[in-house]
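The figures that follow rest on heavy atoms only: side chains count, while hydrogens, waters and symmetry mates do not.
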Amino acid sequence: MSIYDTLNEQQREAVFHTEGPLLILAGAGSGKTRVLTHRIAYLIEEQHVNPWNILAITFTNKAAGEMRERVDQLVGFGADSVWVSTFHSLCVRILRRYIDRIGYGTSFTIYDSDDQKSLMKEVCRKLNIDTKIYKERSLLAAISSAKNELVNPMEFELNVLGDFGKKKIAEAYKEYQRQLQSNNALDFDDLIMKTVELFQTCPDVLDYYHERFRYLMVDEYQDTNGAQFQLIHLLARKYHNLCVVGDDDQSIYKFRGANIENILNFEKAFADTKVIKLEQNYRSTQNILNAANEVIRNNTGRKAKTLWTENEEGTPILFHQFQTSFEEAEFVVGDIASKVREGEGEYSDCAVLYRTNAQSRVFEEKLVFAGIPYKLVGGVNFYARKEIKDLLAYLKTIDNALDDLAVRRIINVPKRGIGATTLGRIQDYADEHEMSFYDALKLADEIPALSRSASKVKPFVLFIQTLRSKLPFLSVSELLKEIIDETGYVRDLVAEDTEEAQGRIENIEELVNKVVTYEESAESPTLSGFLEEVALVADIDSLEEGSNYVVLMTLHSAKGLEFPNVYLTGMEEGLFPSYMSLHSDDPEKEIEEERRLCYVGMTRAMKKLYLTCARQRLVRGEVQYNPVSRFIKEVPSLLMESAGHKTDKLKEAQKNAAYAAAKTAFKSKAFEPRQFTVKKSEGLDYGVGDTVQHIKFGRGVVAAIVEGGKDYEVTVDFESAGRKKMFASFAKLKKV
DNA sequence: TGATCTGCGGTTTTT
DNA sequence: CCGCAGATCA
């Protein structure tokens with residue numbers, strides 16, 4: 001009896017096919033991680049491949065960690081030499097070693113999205129780009145998609161000749177990239193793109209990695225983007241031993257540049273590809289699986305496959321529509337509480353999923369009220385918090401003197417009386433003399449424009465220099481503690497004596513703990529190493545096995561996980577599928593991506609799946625009325641039990657009184673097929689989707705109607721004037 | 001010149 | 001409901 005006997009036929013075939021390109025189309029819950037780990041074991045133990053020559057790439061550290069653990073259990077000897085890594089950390093490791101070949105220093109800093117935005121702000125200021133017209137975020141989005149397709153600033157510029165708007169983006173891209181380089185910093189997309197660049201310009205480096213990684217495996221292949229594809233392609237060029245695992249139905253990262261074509265066209269890109277489909281599901285009940293299959297069936301352009309299972313039929317899927325999002329949350333929390341009370345499961349058996357992070361709040365409140373432990377994944381990243389970013393900026397300043405962004409962030413934190421004007425003068429001087437911001441600070445005395453302010457800069461420079469000189473003798477945690485003491489960061493917070501400050505202090509303590517944990521776990525802890533780890537963690541990575549709490553997260557974060565009980569909440573048109581997807585240039589395509597997301601969500605459930613929605617919910621402080629999601633209608637009613645909302649009579653009466661006006665105006669029907677279709681009210685003779693005429697803006701289409709106090713706030717997409725929000729009583733819109 | 005207050009606009013998903 | 005820019009205060 002060998003470890004491979006427990007695999008099914010297809011799984012075994014995948015494990016034993018070790019040479020040449022292999023595409024494994026693995027449906028949800030079909031045991032793909034099992035296949036990958038067994039495949040690694042087989043390579044080592046039966047094919048006698050040196051573990052050192054195996055590379056497995058995943059998307060999150062959590063997935064990498066799990067794979068590593070399972071390989072360790074499976075393989076007796078040498079498992080720790082197998083390189084299991086995320087795309088990003090793989091690239092960082094390669095770049096730390098060789099990036100000096102392409103014009104960066106090996107102690108580069110990694111910029112997160114906040115850093116990117118600050119840098120872009122600076123770029124726009126410098127280029128006199130009006131950020132009202134070109135928003136930092138949209139500029140960055142354009143640059144990100146360029147990088148994901150490996151388009152460098154020069155190529156970008158050539159591609160947009162004649163297009164004024166895009167020319168501005170090209171300028172911004174060029175300057176943004178120039179500043180990144182002079183700060184010796186890379187953004188997330190650069191990590192991949194620069195690695196590809198390195199391989200393309202330095203054949204000797206590429207060849208080293210060809211020999212190093214003779215067997216490649218890539219998980220979640222459907223979520224790779226153009227740059228990642230190129231990276232894999234380059235690495236596999238010599239030995240062609242590339243095994244990718246993915247499911248086109250679970251491709252949900254198009255917005256991040258993921259190219260579904262990578263999986264659909266894999267066979268074209270790699271000759272003699274062996275394709276194996278894993279269609280047996282080991283996770284969910286038949287009901288859940290059938291429902292998910294029926295939903296995803298509505299998508300076109302997918303690789304045909306149907307998941308089946310030998311698991312029991314299970315109980316029907318439960319669908320509830322509630323009056324408000326509060327009742328929805330109450331139900332979910334109540335249901336979890338009763339499950340645990342009745343001994344039907346643990347808190348950790350339950351996951352609450354939703355489309356947007358903002359939806360977590362109601363659930364949090366109800367969970368806190370009910371005294372149920374929970375873990376919120378996502379939202380504001382721990383490392384994105386102000387106090388954490390401040391302290392990290394000190395560490396970054398010490399680690400990479402060229403990182404202007406970090407220096408500028410903390411030069412006046414705590415307050416040293418150095419304001420915007422002084423900063424501007426120092427920056428001017430630095431620009432003029434082509435030096436870094438920090439180097440200009442060191443020369444503060446010689447900058448005439450600074451006059452008296454120079455004296456304020458000096459202690460800061462001295463402080464940083466002192467820390468830097470101590471660096472060889474201090475551990476990272478000692479360094480951090482010294483920064484906290486010397487700057488008085490915590491002292492000031494204690495003095496504030498507010499709840500908020502208390503929270504920040506706790507976060508700082510948490511940061512210190514994280515440093516200590518890092519020092520204990522890393523082989524040779526360094527400041528750069530810590531900062532790198534910090535830059536590349538995802539929030540999902542913090543989910544620990546074995547802890548007993550309810551998990552709250554977005555559908556995106558839920559990918560790859562499974563839970564006995566899943567509550568898929570906010571199943572409403574405009575929320576899921578999202579408003580954005582419904583109103584995009586190509587709604588068909590974007591709704592298909594939302595549907596895949598729905599499929600991912602449903603297939604997370606092992607035993608019990610709940611689908612819930614609310615007639616009305618508070619979105620950004622406004623009441624919104626959404627019809628039931630189309631995805632609900634795609635679930636055959638045979639598989640689903642629709643329970644009416646069990647609000648008691650008194651509550652119902654109160655609500656009727658409170659929302660009488662709204663209700664008459666917006667009798668949103670539960671199974672109304674069109675999105676946002678609103679019954680014509682007494683006041684308005686037009687509804688969402690109607691074309692209207694405005695006295696000044698001309699013709700347009702009504703995109704949304706929101707009840708706002710006594711009036712209705714109407715959003716209209718005008719043909720010439722663009723999107724406008726207006727009050728119905730003032731706008732005098734006429735239906736055309 | 002720097003610190004603080006107020007009004008406005010903007011909002012999916014994340015390594 | 002939150003962050004940011006501009007105006008005002010010290």
Has [X] got a side-chain N or O lying under 4.0 Å from the OP1 or OP2 atom of [N]?
| X | N | result |
| --- | --- | --- |
| A/N412 | B/dA3 | yes |
| A/N225 | B/dT15 | no |
| A/T554 | B/dT14 | yes |
| A/S581 | B/dT12 | no |

Under 4.0 Å, counting only non-hydrogen atoms across every strand here, what does [X] touch: a base, just sugar-phosphate, or nothing?
| X | answer |
| --- | --- |
| A/I418 | sugar-phosphate |
| A/N357 | sugar-phosphate |
| A/R137 | nothing |
| A/S113 | nothing |
| A/R425 | sugar-phosphate |

Next item on the list: Classify the ring geometry between A/F199 and A/Y209 as parallel (under 30°), tilted (30 to 60°) or perpendicular (over 60°).
Entry: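 Correct class here is tilted.
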Notebook entry, point to check: Do we see a donor-acceptor contact under 3.5 Å between the side chains of A/Q222 and A/E220?
Noted result: yes
Check: Is there a donor in the side chain of A/Y599 and an acceptor in the side chain of A/Q250, or the other way round, less than 3.5 Å apart?
Finding: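 No, no side-chain donor-acceptor contact under 3.5 Å.
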Specify the separation, in whole Å, of atom [atom1] of [X] and atom [atom2] of [N].
| X | N | atom1 | atom2 | result |
| --- | --- | --- | --- | --- |
| A/L376 | B/dT13 | CG | P | 12 Å |
| A/K135 | B/dG9 | NZ | C1' | 9 Å |
| A/H556 | B/dT15 | NE2 | P | 11 Å |
| A/Y579 | B/dT13 | OH | P | 16 Å |
| A/L597 | B/dT14 | CG | C1' | 12 Å |
| A/L191 | B/dT14 | CG | C1' | 14 Å |
| A/H88 | B/dT14 | NE2 | C1' | 9 Å |
| A/I110 | B/dT15 | CD1 | C1' | 11 Å |

From [options], pick the nucleotide closest to the side chain of [X]?
| X | options | result |
| --- | --- | --- |
| A/T60 | B/dT1, B/dT13, B/dT15 | B/dT15 |
| A/Y253 | B/dT12, B/dT14, B/dT1 | B/dT14 |
| A/K415 | B/dT13, B/dA3, B/dG2 | B/dA3 |
| A/S578 | B/dT1, B/dG10, B/dT12 | B/dT12 |

Check: Would you call A/F255 stacked on B/dT12, i.e. ring centres under 5.5 Å apart with the planes less than 30° off parallel?
Finding: no
Checklist line | Partner residues of A/A227 under the side chain to side chain contact (heavy atoms under 4.5 Å, CB included) criterion, sequence neighbours left out | finding: A/L150, A/I192, A/N225
Checklist line | Sequence-distant partners of A/D445, side chain to side chain contact (heavy atoms under 4.5 Å, CB included), two or more places apart | finding: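 If we apply the side chain to side chain contact (heavy atoms under 4.5 Å, CB included) test to A/D445, skipping adjacent residues, the hits are A/A454, A/K458.
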Checklist line | Donor-acceptor pair, side chain of A/D187 and main chain of A/Y111, under 3.5 angstrom | finding: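 Here the side-chain-to-backbone pair does not exist.
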Item checked: Along DNA chain B (nearest heavy atom to each residue), the more 5'-positioned of A/R355 and A/N61 ->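 Taking each residue's closest nucleotide, the earlier one in sequence belongs to A/R355.
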Item checked: 5' precedence on DNA chain B between A/R416 and A/F188 (nearest-nucleotide basis) ->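 On the 5' side of the pair lies A/R416.
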Check the interface with nucleotides 3-9 of chain C: list each N/O to N/O pair with the protein under 3.5 Å, or write none.
residue : atom : partner : partner atom : Å
C/dA5   : OP1  : A/K121  : NZ           : 3.3

Item checked: Interatomic spacing from OH in A/Y221 to CG in A/N262 - rounded to 0.5 Å ->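 A/Y221 atom OH to A/N262 atom CG measures 4.5 Å (nearest 0.5 Å).
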Notebook entry, point to check: Out of A/R355, A/K254, A/R630, A/K589, which residue meets the salt bridge (Lys or Arg N to Asp or Glu O under 4.0 Å) rule with A/E594?
Noted result: A/R355
Next item on the list: Considering only NZ, NE, NH1 and NH2 on the basic side and carboxylate oxygens on the acidic side, decide whether A/R302 and A/D248 come within less than 4.0 Å.
Entry: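 No, this pair does not count.
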